[in-house]
S.K.: 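After the structure tokens below, expect a handful of questions from me.
Chain identifiers are assigned alphabetically (A, B, ...) following the order of the sequence lines, protein sequences preceding nucleic acid strands; residue numbering begins at 1 within each chain.
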2 protein chains.
Amino acid sequence: MSKTKEKNVSIKDVAKEASVSITTVSRILNNINYPVSNEARTRVEKAIKNLGYIPNKAAQNLRKNETRTIGLIVRDIGDPYFSEMAKGVTEKAAQLNYMAMVSDSNRNMDYELKYLDLMIRQGVKGIIISGGGIMEEEYQSELQKRVQDARRLGIKVVALSSQGIDLPLVTVDNIQIGKTVCNFFILNNYKKIAFIGGNEKVTTNYERLLGYKIALKEKGMEIDENLIINGQFTWEAGYETCKILFDRKREIDSIFCANDNIAIGVIRFLRENKIKIPNEVSLIGVGDIPIAQYTSPSLTTVKIPFNLIGNRAVELICSDENIEDSSIYFKTQLIVRESIKIPKIS
Amino acid sequence: MSKTKEKNVSIKDVAKEASVSITTVSRILNNINYPVSNEARTRVEKAIKNLGYIPNKAAQNLRKNETRTIGLIVRDIGDPYFSEMAKGVTEKAAQLNYMAMVSDSNRNMDYELKYLDLMIRQGVKGIIISGGGIMEEEYQSELQKRVQDARRLGIKVVALSSQGIDLPLVTVDNIQIGKTVCNFFILNNYKKIAFIGGNEKVTTNYERLLGYKIALKEKGMEIDENLIINGQFTWEAGYETCKILFDRKREIDSIFCANDNIAIGVIRFLRENKIKIPNEVSLIGVGDIPIAQYTSPSLTTVKIPFNLIGNRAVELICSDENIEDSSIYFKTQLIVRESIKIPKIS
DNA sequence: TTGTATGCGTTATCAA
DNA sequence: TTGATAACGCATACAA
């Protein structure tokens, strides 16, 4: 087997081999129903096979001034939240004959901006930003710049959570999620409902917490700031943050975890401290990541349709419609599992 | 904001704006230390800024006949095994200024081959195949063809598990893993060691099982086929397969799960059936996916350095060395957690 | 039904 | 220190 790259075989070589013009070859390759004589067609097809001709994407991209690639920016592909989104994206992209370029910012916002730049340079068809927005002026203004660059070049940008700037969204109603969870606790007679959040600068966290507060207010219940604590959207942080919460306050009968990862950390903490779930404390998460069914106890949570969201975002990008002004909200659903006691008997 | 794509600004426009030749612009852009007068340089830099010039990747790719992209094929990006690998890959790719194109075959081998074709057409620098090889002649021969196509075009192909064909590997010694786990059970006085595997046609499963059998033989212990069962590498399958195993045979004191996912399913099954881990049955998995620390009980497992593997595979592809003949094996390590009782008191 | 010629935006060669 | 120009591989307008 040869170790070095051979000369690329181009459409030209095929044309020569088949004794036709490159136009004819190109037509056979692309214009499905352009009239070409059977003779020529068979000769060309044979030549293609003989030479092992493979069309050069770079040339096509240049000529057509478009690539069939879409960019996806995630914060941590190892986090089920993002990998499920990525699944929805790559799946639909493949269906539509696109390729997905995935960049993992590792929760570093500078990287996130850098990857945006790279994707714009790559000339992707569109970019999907999948993490919750960061509520920081400088970041948002930098993001805004990129979005403008992208638009100028005809690159669509879609976000899967609100980013605090004007951007089409494919997402869920996070305030509603907060309300739903909190109301469910209240309905079942829980009185001391704690909130363990992720990064407090992230829009999704803010919105879920807001929903929690609204629900409490609507029922005339007091908002106890000692029951509210934020950290990060990870297992480790869920564990640590829960510890801080219980050091601070012990009378807690239920915990609203801003995502399932946090809930997993919380389960671990409670288990180590012999606090029974759901008998002493009930737990609800957000996301319904696949592992939520396999925790002990299994996790009550609000299902976010990651797959549909990823799918739809890709469709939006690959469609020809203008999407700058349209946002799409998917329904969520509370999935009741073992981590909550219903009805609560106090 | 304009809704339509404006005319792209090219190096030509910059040249005109700055009253220099495109050559000079190109030199300023690329040849870091090519001598250019300061005057020209500042004019060009200003023009670039004014016009919002962004280099066209497609043209660069065509001209230089190479892209700074690498392809990664995974079976299920939602599976921690693959998302962790993907993390290692995307991380290193970004460091080296490459972009990763990720395709998820959803464990469908036809898709896997199709994605290989697509990536070859894209003209990626290299392709990383991340799932265990399928021991099926037809598939392997199709795979072989793609690999040859790729090589002819100067595209490097690396696999992260043996594929049954001649391919450079960045991987771990799966037979050794099987031996390590089994020996650890034996050392601790376990007698009825079951094996719950994934897909029996996958090389990694085969190799881990082989290691298990070798270890038993070396200690003069009998291989009981009733203790061996295969299924899929997923939680659901782990659960179902474990059920079948226990229907078949009840005297089991330990289970070697071919990966951590399976172990998670097994934990669930045993818990539902009130079989205590590790008091009645001990458990060891393979992989050390992040969740392994957070299961109840936490999981004893063999750590596969996903991150290092992903990193190294990218380095291999992006380096200029020829790699066709070199494989790299990373060390693995047994991580002891709560799912095993040591020493076993019988 | 077929072919010629042009240009997409770059980089690189060569000459000045 | 600078610039004109060819070439990368392809799709397409136009001509035949």
Side-chain angles (χ1 to χ4, degrees), chain A residues 5-45 47-48 51-68 120-124 152-155, chain B residues 5-45 47-48 51-68 120-124 152-155:
Chain A
K5 196 165 175 167
E6 295 169 24
K7 189 189 167 307
N8 289 341
V9 8
S10 78
I11 203 174
K12 219 170 182 170
D13 302 308
V14 174
K16 196 186 294 172
E17 171 94 359
S19 313
V20 296
S21 72
I22 60 168
T23 312
T24 301
V25 179
S26 177
R27 286 205 267 252
I28 291 174
L29 252 29
N30 305 306
N31 293 12
I32 310 298
N33 35 25
Y34 193 97
V36 173
S37 72
N38 281 333
E39 273 179 84
R41 170 160 270 125
T42 44
R43 279 212 310 279
V44 167
E45 275 161 359
I48 287 175
L51 300 174
Y53 167 73
I54 294 177
N56 180 311
K57 266 286 172 202
Q60 293 180 325
N61 290 344
L62 175 59
R63 177 62 228 241
K64 301 206 277 201
N65 193 25
E66 72 152 11
T67 64
R68 289 187 86 81
I120 291 172
R121 276 179 154 65
Q122 284 284 343
V124 296
R152 187 161 52 81
L153 295 168
I155 297 173
Chain B
K5 195 164 174 169
E6 297 169 23
K7 190 190 165 306
N8 288 340
V9 8
S10 78
I11 204 173
K12 221 171 181 169
D13 303 307
V14 175
K16 196 187 293 174
E17 171 94 358
S19 315
V20 296
S21 72
I22 59 170
T23 311
T24 301
V25 178
S26 176
R27 285 207 267 252
I28 290 174
L29 254 27
N30 305 305
N31 294 10
I32 310 300
N33 34 24
Y34 192 97
V36 173
S37 72
N38 282 332
E39 272 179 84
R41 171 161 271 125
T42 43
R43 281 210 310 280
V44 167
E45 275 161 359
I48 288 175
L51 301 174
Y53 167 74
I54 294 178
N56 181 312
K57 266 285 171 204
Q60 292 180 326
N61 291 343
L62 174 60
R63 181 58 230 240
K64 301 206 277 201
N65 193 26
E66 73 150 13
T67 64
R68 288 188 86 82
I120 291 172
R121 276 179 156 65
Q122 284 285 344
V124 297
R152 187 163 51 82
L153 293 168
I155 298 173

S.K.: Would you classify B:S10 as touching base, sugar-phosphate or nothing, given that sugar-phosphate means primed atoms plus P, OP1 and OP2, and contacts are heavy atoms under 4.0 Å?
M.R.: sugar-phosphate

S.K.: Distance alone, cut at 3.5 Å: any donor-acceptor contact between the side chains of A:N8 and B:N65?
M.R.: yes

S.K.: How does protein contact run along nucleotides 2-8 of chain D, one letter per nucleotide 5' to 3', with B for base contact, S for sugar-phosphate only, - for none, heavy atoms under 4.0 Å?
M.R.: BBBBBBB

S.K.: Taking the side chain as everything from C-beta on, heavy atoms only, tell me whether A:I11 gets closer than 4.5 Å to A:S26.
M.R.: yes

S.K.: side-chain hydrogen bond (donor to acceptor under 3.5 Å, both in side chains) with B:T23: which residues, sequence neighbours excluded?
M.R.: none

S.K.: Which whole-number value in Å describes the distance from A:I54 CD1 to D:dC10 P?
M.R.: 11 Å

S.K.: Within this structure, what is the CD-to-P distance between A:Q60 and C:dG7, rounded to whole angstrom?
M.R.: 21 Å

S.K.: Quick one: B:I48 CD1 to C:dT10 P, roughly how many Å, whole number?
M.R.: 10 Å

S.K.: Nearest-Å distance, NZ (A:K16) to P (D:dG9)?
M.R.: 12 Å

S.K.: For a 4.5 angstrom cut-off between non-hydrogen side-chain atoms, does A:I48 reach A:L29?
M.R.: yes

S.K.: Provide, to the nearest angstrom, the distance between the CG atom belonging to B:N30 and the P atom belonging to C:dG9.
M.R.: 17 Å

S.K.: What are the two closest heavy atoms between B:V9 and B:L51, and how far apart are they?
M.R.: CG1-O, 3.6 Å

S.K.: Take atom CD of A:E66 and atom C1' of C:dC8, then tell me their distance rounded to the nearest Å.
M.R.: 13 Å

S.K.: Between atom CG in A:L153 and atom C1' in C:dG9, what is the gap in whole Å?
M.R.: 14 Å

S.K.: Side chains of A:V44 and A:V20, heavy atoms from C-beta outward: is any pair under 4.5 Å?
M.R.: yes

S.K.: Just the rounded figure in Å: distance from P of C:dG9 to CG of B:L51.
M.R.: 14 Å

S.K.: For a quick check of understanding: with a heavy-atom distance under 4.0 Å over all strands, which category does A:N61 fall into, base, sugar-phosphate or nothing?
M.R.: nothing

